[in-house]
Amino acid sequence: MNDQILQVNNLKTYFFTASGTAKAVDGVSFTMNRGQIMGIVGESGSGKSVTASSLIRLLPKTGSIVDGEVIFDGHDMRRIANRELLKLRGSEISMIFQDPMTSLDPVFKIGDQMIELIRTHKNLSQQEAYRTAVEMLHLVGIPEPESRMNAYPHELSGGMCQRVIIAMAISCQPKFIIADEPTTALDVTVQAQILGLLKKLRDEMGVSILMITHNLGIVWEMCDTVMVMYGGTTVEYTEMAKLYANPLHPYTWGLLDSMPRLSAPPVEELKAIPGTPPDLRLTGGCCAFYNRCPYMREICAKEVPPLLEVEPGHLVACHRQNGDKTLVRGEVNQHD
Amino acid sequence: MLKTILKRLVQLVPILFVVITLTFVLTRMIPGNPAAILLGPQASPADIARMQEELGLNKPMLEQYVNYLTGISQGDFGKSISYNRPVLSLILERLPATLQITLTSMVLAVFIGVPIGVFSAVKQYSAFDYIFMILALVGVSMPIFWLGLMLVLVFSVKLGWFAVLGMGSLQNGFWDVVQHMVLPVVCLTTIPTATFARITRSSMLEVVNKESIKALRARGIRESLVIWKHALKNALPPLVTVIGMQLASAFSGAILTETIFSWPGMGMLIYSAVFNRDYALIQGAVLFIAIIFVFVNLIVDLIYLVINPRVNYEGGGGTA
Amino acid sequence: MTTKNSPPLQDALGSAEQAAMLKKERRANSAWNKLLRNKTAVIGLVIIVIMLILAVFAPLIATHDPNALAISKAFRPPGVAGHIFGTDEFGRDLFSRIVYGARISIFVAVGGTLVGSIIGLLLGLVAGYQGGIVDSVIMRIMDGMFAFPFILLSIILMTILGSGVFNVILAIGISNVPSFARIVRGQVHVVKNEEYCTAARVLGAGGSRILFRHILPNAISPTIVYFTLNVAGSIISEAALSFLGLGIMPPTASWGNILQGGRGALNTAPHIATISGIFILITVLGFNLFGDGVRDVLDPKMKR
Amino acid sequence: GGNAGGPAPAPTQGATEATQAPDAGQPKSGGVLKVSLPASPKNLDPIKYTGTYESQIIRSVCDTLVEYKMDLSSIKPNLASDWQISEDGKEYTFTLRQDVYFHPGKYQDGRQLTAEDIKYSLERSAKESAMNRLDMLDYCEVLGEFEVKCVLKDANAVFLTALTDAGNAIVPREEVEGWGADFGTHLVGTGPFVLKEFKLDQETVAVRNDKYWAATPLLDGVTFMYINDHAQAANALKTGALNIATSLQGEAVQIVRDDANLVLNETPGLHIAYLYMNQVNGPTADKKVRDAIAMAINREDLVAGVYPYGEAQIANVPLPPGSWGYDKGLESASPAYDPEKAKALLAEAGYPDGLSLKLYISNTAFRIKMATIVQQYLKQNLNIDLEINPSEWGTFSEIASSGNADIYGMSWTWYPDPFFFLNKLFYSGEIGALGNGAGFKSAEVDKLLEDALLETDQAKRADMYKQVLKIVMDQNPIFVYGNENVTDGATSNVQGFLQRADNVIVLVSDEVNVWLS
Amino acid sequence: MTEGKMAGTPIIRIKNLKKDYKIRSSKLGQPPRVLHALSGVSLDLFQGETLGVIGESGCGKSTLGKCLVQLTRPTAGEILYNGQNLCALSNSALKPVRKELQMVFQDPYSSLDPRFTTKAAIEEPLIIHGLERDSKKRRETVLAMLREVGLDVQHMDRYPHEFSGGQRQRINVARALVLQPKVIVCDEPVSALDVSVQAQVLNLFSSLQKRHNLTYIFISHDLSVIKHISDRVAIMYLGTVVELCDADEIYQNPRHPYTKALLSAIPPDSPFEKSQKLTLSGEIPSPIGDLVGCPLAGRCPERMPVCSQKRPALKEISPGHRAACFLYHQEEYVEE
Ligand SMILES: Nc1ncnc2c1ncn2[C@@H]1O[C@H](COP(=O)(O)OP(=O)(O)OP(=O)(O)O)[C@@H](O)[C@H]1O
Ligand SMILES: Nc1ncnc2c1ncn2[C@@H]1O[C@H](COP(=O)(O)OP(=O)(O)OP(=O)(O)O)[C@@H](O)[C@H]1O
Ligand SMILES: [Mg+2]
Ligand SMILES: [Mg+2]
């Protein structure tokens with residue numbers, strides 16, 4: 001099992017608020033191998049970011065991991081001491097946040113921030129760290145890296161900032177990168193550059209990447225495996241090609257349908273998923289998707305569907321896809 | 001940078017004009033005749049009239065105003081009637097004394113108040129937070145005269161550690177100066193310390209929730225660096241503004257402290273000027289404080305440039 | 001709606017339970033409830049309410065006529081001969097004076113702050129929204145006033161206006177104007193660039209509508225916070241004016257003039273300055289805690 | 001700590017000698033005496049000074065031609081060893097001492113004092129002083145090197161008294177003209193101490209004048225310090241940072257009194273505190289109303305309330321007991337506290353249900369306290385609503401002298417000569433000035449006052465003034481309640497310090513020579 | 001369907017629209033520099049059509065939209081609406097026109113006043129324009145409008161923060177519609193939304209257009225969204241329109257090199273469709289200062305010597321297809 005770098009079992013992260021307990025992550029399981037890119041897709045608010053933060057225990061005061069297991073490269077991330085955790089963060093695991101502008105400290109030069117990071121994790125002199133930083137900036141394709149070292153974040157464009165963040169993320173040669181919607185704020189041409197960069201990292205340095213996104217196009221382009229999340233739970237988890245060819249969960253179907261496609265012939269109307277996502281304080285006793293699911297059965301409102309491997313390497317959490325797989329995509333619901 | 005400085009200097013002109021006019025009008029609106037005050041109860045009306053004439057107070061308002069303006073444009077702030085000396089030299093004479101205690105107490109307040117604020121923010125809702133924030137409020141609402149006299153009773157009269165009043169002089173050694181300074185400085189330090197602690201706390205609270213701070217933690221940067229280097233620098237702007245304002249007002253805020261401790265500074269000067277209806281002196285002192293105020297604001301803006309590279313100093317948005 | 005397949009009716013996530021949840025959340029998020037959950041704010045509020053009760057029901061609570069002299073009984077320490085807090089320099093019952101003093105002190109402080117905040121608010125709104133020359137003129141005048149030491153400005157105003165409760169309020173109020181104007185103006189600068197103001201312009205809204213219906217309500221929360229903090233400051237200002245003999249006229253009791261009276265007897269009768277000082281302190285504490293709480297509650301980032 | 005309920009036992013009149021510590025031993029030379037002043041001296045030029053605190057310094061540096069005795073009973077020679085008054089009382093011829101030298105200064109080297117200096121200084125005061133401290137002087141004539149004749153415009157019995165004022169101190173022309181406007185901070189005279197340093201609002205340092213004609217000062221020097229806060233002055237005494245705290249007030253008096261290591265000196269001052277009631281307009285123009293008011297206020301309580309630390313005596317007569325015109329017999333002439341009778345009188349005057357009056361005072365602690373108490377008594381006994389209007393001195397003096405106040409409360413203090421009280425307060429010529437702002441007018445009083453000014457015999461004058469007092473008190477225009485003490489605190493090592501009722505500090509003269517043990 | 005709509009005279013004609021911003025320099029003595037946000041845009045908009053506008057971030061899309069509704073006054077050029085030049089109208093004269101030109105903003109949250117309930121927000125334009133003075137009737141109008149966008153009576157008295165993103169955008173749409181406008185400028189109205197919500201809102205836009213014969217200018221940087229919703233598409237680059245043609249045409253037959261690059265940067269529709277990336281090298285030039293030649297000249301793979309000297313004009317190169325590129329027409333250029 002040396003090939004596995006990350007194992008997440010039934011992770012649960014709850015937020016304790018005045019108006020109730022929000023089960024932001026309520027049963028997420030997956031494993032990742034070295035050099036793999038995994039995608040997490042799902043609706044806004046389905047718990048993607050919280051899952052990512054839980055992996056490195058970076059939660060706000062109101063939230064905490066209440067159950068489950070996170071094993072990273074042999075470390076039990078729930079029990080590891082704070083000092084150890086700090087060492088892992090940034091050096092072994094790097095995180096790239098959604099908004100490049102807000103994830104750099106606006107009042108320090110980017111060079112200083114990079115050097116600080118490198119020297120935190122590596123025993124290097126100021127000059128050595130400087131050289132490493134310049135090298136990293138060069139690596140992510142920033143022109144004139146030396147002069148950019150003296151720039152403040154606001155002096156860079158969004159795409160450049162995001163590249164700086166990636167440079168920081170890889171500057172300590174991490175084994176694992178969490179990229180939380182790394183390109184949402186960027187336009188397509190820049191997005192293409194960033195994605196190319198991440199792919200190169202995997203190919204050349206064997207880094208594993210956990211990629212959170214809304215955009216299925218990115219998944220198709222980048223990922224080896226995909227996890228679909230809904231209402232805080234994993235609803236489907238399999239290889240990317242399998243998901244494309246044979247999605248099994250009704251939510252995945254809805255998601256795929258609601259994307260406007262360039263290649264498809266023009267349609268009058270997109271197939272949107274009706275209804276609104278569940279209130280995360282109410283989930284936990286049923287399938288979170290049942291009230292929007294065209295195929296729901298009585299059991300769906302009463303029991304949480306378990307995440308089962310219904311086909312080899314294909315895990316789905318749906319009552320009607322268990323066992324004999326009674327569900328047919330597009331069928332008319334017979335339910336009373 | 002240079003442009004900001006120049007622009008601020010140009011802005012000085014309208015502010016000073018407003019201040020001059022405002023002081024002129026306000027001081028003339030105070031009822032009471034400076035001549036009568038100067039001459040005391042035993043003076044006859046004829047004496048008072050003569051004195052008024054001598055002081056040029058019976059000229060038409062407009063003429064007095066124009067004279068005053070022309071005087072100032074030539075660097076002449078007029079003459080104090082109660083001291084019978086040029087206002088400017090009086091102020092310049094007092095300034096060092098006031099600077100001595102206000103700057104010391106400002107520096108102390110920053111070095112005590114800011115760390116307390118930071119700790120309180122980091123440990124929000126902890127016992128430390130509550131205790132120090134309540135202490136800060138006590139500091140703000142403590143009557144200075146009470147504090148001053150209590151300090152004197154304990155530390156000067158009972159323990160004999162510090163001087164009761166006066167300034168001391170370097171001729172008697174450095175320790176003499178320190179002994180005289182301690183109590184007034186403590187009095188002047190309480191309010192700014194409390195203010196800085198509170199501002200730092202609230203500013204830090206806003207900053208520590210920022211994405212960029214979270215990102216630093218995600219990169220494994222040591223918590224102490226995250227707080228004291230990154231968060232604090234991000235939290236500085238409102239603090240710098242408040243420090244600037246406190247500094248500017250410290251020159252006049254020292255009125256009570258200076259009178260209690262017979263500290264011959266600006267505060268005492270203003271106090272006596274107001275009670276003697278010393279028009280020229282009031283005007284001069286306020287004008288001077290206004291100039292200091294503008295300069296401090298300028299410095300604050302320049303510090304902004306240093307601590308916050310994003311600041312758009314062309315935008316004209318008020319800083320304080 | 002674009003819904004083709006209407007979801008089944010009975011559901012655990014929808015309808016009743018969700019509505020109840022939403023209701024609960026709404027209640028929990030309502031400013032008032034947030035405030036009540038905030039310990040600091042509640043303590044502050046309790047203090048303020050107690051002081052207000054003292055002020056409003058002073059005649060019922062006071063044990064003596066606050067102005068009745070008994071020179072021979074001057075400077076009695078607390079607890080002696082039915083005087084809970086002792087007596088002052090004229091033998092008047094200190095407890096009764098403190099209770100009646102709450103009226104004046106709180107009235108003056110709140111009134112002074114109101115005057116300052118309303119004038120400052122209007123000036124700040126206009127300056128911030130109009131910008132340009134209007135802004136420059138207003139803010140330069142404010143800067144000019146700022147240059148006057150607060151106490152000096154109030155002294156000048158008090159000497160011009162003469163003493164009396166309303167003049168004290170006016171003097172404190174006017175001295176407060178510049179800081180309110182600045183705060184409001186700064187906030188207006190933030191709010192006026194919000195997209196909903198732009199949106200209102202697209203809808204055809206005129207300047208005054210945008211200013212008063214959109215900008216004002218959204219710019220006011222820091223002002224409210226500053227208001228509560230300033231009430232505290234104004235109690236002290238009133239005390240300072242009383243200290244200079246420019247405040248409230250005798251025989252009316254205010255905490256400021258009681259404190260001032262006590263100043264003359266710090267050694268012989270320390271209880272006068274101490275007790276009035278403590279009342280000022282506690283009230284200031286109350287308003288500050290409350291102000292802090294309001295700040296926390298109004299700050300959407302504070303999720304507690 | 002004594003509970004300061006009532007006034008302290010009345011100190012003896014006139015000068016009191018500080019209690020000498022038993023182990024004080026023989027007077028010895030040395031040491032610098034540190035004296036506090038309650039306000040900051042700003043200008044030491046005699047003709048420009050405005051406050052008592054400035055005169056204290058001037059007196060240590062300069063001398064006057066004549067001087068009051070320490071007990072203020074009469075005038076004694078000073079720089080003038082002798083003088084003659086002409087028949088018509090208009091010419092005063094002074095013979096000067098011949099052993100007097102000025103302090104060496106920048107513009108003269110310590111030359112001898114001559115008649116020219118007297119002429120110069122007095123004429124300068126008469127002509128240039130804004131304070132008009134010598135307005136009766138017409139000119140001076142030098143008769144010889146040490147003989148000078150002063151010619152008055154009219155006969156004026158208070159001329160000698162006026163000469164004792166620090167404002168008429170003798171100064172050398174070279175220095176005055178040399179320093180110009182800066183003479184105010186570089187005062188030079190003939191006094192026991194030489195001005196060394198004048199630090200505005202801080203301290204004035206003077207050192208011993210070894211050649212002082214009256215006596216060689218025992219002190220090495222004297223430093224006057226400005227201390228604004230009385231409690232702080234007391235604290236400074238306790239720590240020894242100060243030797244003498246002058247003009248103590250309030251609790252500081254009690255602090256000094258209670259401290260075994262400190263000495264409190266109290267002498268009834270040349271001071272009266274009073275309420276002056278409008279003689280011309282309003283209800284108080286009616287004597288019955290005035291009597292009612294006077295009877296409705298309990299003086300004992302009033303003084304005890306305003307001066308809880310015994311800083312004043314009860315007073316009834318509009319002349320301080322320290323003045324030689326004082327008549328003890330008149331003390332009972334003012335109406336005693338009698339609420340019942342007061343009420344009846346007021347009803348008689350047509351106000352059975354009370355009335356409203358406005359009281360004007362300056363906004364100092366003593367006045368506000370006084371007003372508070374008076375207000376309560378008038379309300380309680382007469383149902384008079386007394387509106388208190390405290391204001392800045394400037395505002396107050398304007399209103400009070402304009403004759404528009406129903407009642408104004410203030411105090412008066414000046415030279416021991418009754419002229420400076422009675423003329424100022426009751427002479428019709430002073431109507432419109434602050435002294436007689438209430439508009440008191442009586443032909444009889446005017447006549448007596450005018451005559452007394454021409455008479456040079458002190459005993460006769462005293463008689464006249466007693467008559468004035470009697471007439472005035474019959475009219476009851478003024479409610480006098482207090483006579484503040486001159487109160488100084490001193491550390492116990494201050495020896496030989498004598499207090500004068502007019503609050504003048506004399507450190508070295510032919511009568512005293514203060515020293516430190 | 002496009003042909004039918006394009007017949008007739010345009011409802012809006014934009015002629016050579018320019019918008020400059022003065023950028024004050026931070027250095028002493030330097031004169032303020034000029035940022036050309038729009039440098040000569042000419043477009044016709046036909047009744048009932050949807051004109052999609054695509055372009056990189058900062059290319060002037062929003063500026064164009066804002067000029068149309070007169071939120072900013074253009075520096076030069078004309079906007080003819082029903083024959084009136086909007087740019088020449090005073091603010092008061094604009095008020096009646098405002099009713100007919102509305103705008104929906106990108107961020108559905110920040111464009112709603114947080115202190116206005118749904119009802120208050122939607123009835124505000126009615127009050128401003130004095131359209132419905134009776135408050136009961138106004139309430140009915142608001143309710144009808146809400147139903148139109150798929151909300152209902154229970155949503156009337158709620159505040160913006162109590163809605164999901166999609167619902168908020170519906171409120172924005174309702175507010176714009178209540179004045180019964182003819183033209184709506186949609187400035188990235190779905191960029192902030194989740195895919196499934198995006199589908200709902202896009203569907204809403206289409207159905208409303210049909211019902212009310214609305215004309216849209218639809219700004220987005222998502223090409224698949226634009227393709228789905230638009231009849232015609234304008235591609236913008238650095239303040240100019242570089243290509244303008246029918247929606248289908250642009251995807252099938254892109255002509256301008258920038259359009260080609262843009263299209264190739266889009267993530268694929270499926271994992272099997274590995275597109276050949278056409279990347280533009282070099283940084284995007286700054287809009288500050290005067291630019292000589294074609295704005296793409298520096299990055300264009302097909303650049304010719306003329307490109308860096310003259311700016312190509314937007315010229316019809318085939319029926320209904322205009323492009324601004326010297327590859328297709330050598331002579332036409334813009335006189336500076
Ligand atoms: N600090 C918090 N307190 C309470 N609830 C929170 C907190 N942070 C997140 N949540 C809730 O947790 C849920 C999951 O949030 P998360 O940020 O993981 O969503 P996401 O899938 O990343 O969505 P998006 O695509 O919009 O980024 C949301 O319903 C959110 O409201
Ligand atoms: N008020 C302004 N002052 C100065 N420059 C401005 C202003 N508004 C816009 N700009 C500049 O004009 C250019 C065009 O801006 P615009 O907002 O139209 O771009 P956009 O295409 O809408 O970009 P995005 O996709 O990021 O919304 C940009 O370079 C921008 O920086
Ligand atoms: Mg997220
Ligand atoms: Mg835009």
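Per chain, numbering begins at 1; letters A, B, ... match sequence-line order.
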Spacing of B/Ser262 atom OG and D/Gln232 atom CD [to the nearest 0.5 Å]
7.0 Å

Name the region of D/Ser411, side chain, backbone, both or neither, that has any atom closer than 4.5 Å to a heavy atom of chain B.
neither

State, yes or no, whether a side-chain contact exists between D/Asn235 and B/Leu153 at a heavy-atom distance under 4.5 Å.
yes

Answer key: most heavy-atom pairs under 4.5 Å with chain B among D/Lys424, D/Glu430, D/Gln202 is D/Gln202

Look at B/Leu269, B/Val152, B/Leu90 and state which one has the largest set of heavy-atom pairs under 4.5 Å with chain D.
B/Val152

For the pair D/Asp229 and B/Thr259, evaluate side chain to side chain contact (heavy atoms under 4.5 Å, CB included) and give the outcome as yes or no after the intermediate values.
CA-CA 7 Å; D/Asp229 190 283; B/Thr259 46; over 6 Å; no

Is D/Lys199 close to chain B through its backbone or its side chain, or both, or neither, when contacts mean heavy atoms under 4.5 Å?
neither

Looking at residues at least two apart in the chain, or sitting in another chain, which of them share a side chain to side chain donor-acceptor pair (under 3.5 Å) with B/Arg85?
B/Ser89, B/Glu93

Please check if atom NZ in D/Lys153 has more than 12 non-hydrogen atoms from other residues, nucleotides or ligands closer than 6.0 Å.
yes

Based on non-hydrogen pairs under 4.5 Å, which of D/Leu434, D/Asn43, D/Ile227 is most in contact with chain B?
D/Ile227

Report yes if some heavy atom in the side chain of B/Met268 is under 4.5 Å from a heavy atom in the side chain of D/Tyr226; otherwise report no.
yes

Go through the atoms of D/Ile399 and report whether side chain, backbone, both or neither lie under 4.5 Å from a heavy atom of chain B.
neither

Which distance, rounded to the nearest 0.5 Å, do you find between the CG of D/Asn228 and the CD1 of B/Ile260?
9.0 Å

Report the residues that fulfil side chain to side chain donor-acceptor pair (under 3.5 Å) with D/Asn503, sequence neighbours left out, ordered by chain and then residue number.
D/Ser247

Around atom NZ of D/Lys48, are there more than 12 heavy atoms of other residues, nucleotides or ligands at under 6.0 Å?
yes

To the nearest 0.5 Å, what is the distance between NZ on D/Lys238 and OG on B/Ser156?
11.5 Å

